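Read through the structure below, which is laid out as structure tokens, and then see the notes.
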Amino acid sequence: MPERSTIRSEHQVRRTHRLAPDQAGQTTAEYALLTGAIALLVAAVTAWATSTGKIGRLLDAVFNYLTKAIS
């Protein structure tokens with residue numbers, strides 16, 4: 001007789017395979033929404049950082065540090 005955990009995992013695999021085709025479109029939509037939200041967040045942060053000059057100051061600080069470390 002198979003172990004109880006083996007029976008349970010086989011049942012879970014069969015259940016997952018039954019649900020997978022119905023949820024394929026939903027998963028794609030969720031990934032699309034998540035990707036869109038991340039893109040909006042990146043655009044907002046980039047716009048903010050560009051308008052405040054923070055990126056330029058950050059890069060200046062990094063290059064100055066590297067230049068001092070090398071010489």
Side-chain angles (χ1 to χ4, degrees):
M1 175 177 241
E3 291 184 28
R4 185 169 247 215
S5 62
T6 305
I7 293 171
R8 188 176 302 143
S9 64
E10 288 174 7
H11 175 69
Q12 289 171 344
V13 168
R14 277 188 257 130
R15 183 171 169 235
T16 303
H17 286 295
R18 265 197 325 259
L19 296 175
D22 297 335
Q23 295 179 353
Q26 179 180 353
T27 302
T28 303
E30 290 169 352
Y31 281 130
L33 288 172
L34 184 61
T35 302
I38 291 170
L40 286 174
L41 180 64
V42 168
V45 169
T46 302
W48 169 79
T50 302
S51 68
T52 60
K54 299 248 183 215
I55 291 179
R57 286 193 298 246
L58 174 65
L59 291 175
D60 286 341
V62 169
F63 290 135
N64 288 337
Y65 175 80
L66 291 175
T67 304
K68 288 178 185 178
I70 291 172
S71 55

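Because the structure is predicted, anything quoted here is derived from the model rather than measured.
Residue I55 is tested with L59, T52, L58 for a side chain to side chain contact (heavy atoms under 4.5 Å, CB included); the sole match is L59.
Taking I38 as the reference, L34, V42 meet the side-chain contact (heavy atoms from CB on, under 4.5 Å) condition, with sequence neighbours excluded. With sequence neighbours excluded, no residue satisfies side-chain contact (heavy atoms from CB on, under 4.5 Å) with S71.
Separating the CG atom in L41 from the OG1 atom in T46 is a distance of 9.0 Å, to the nearest 0.5 Å.
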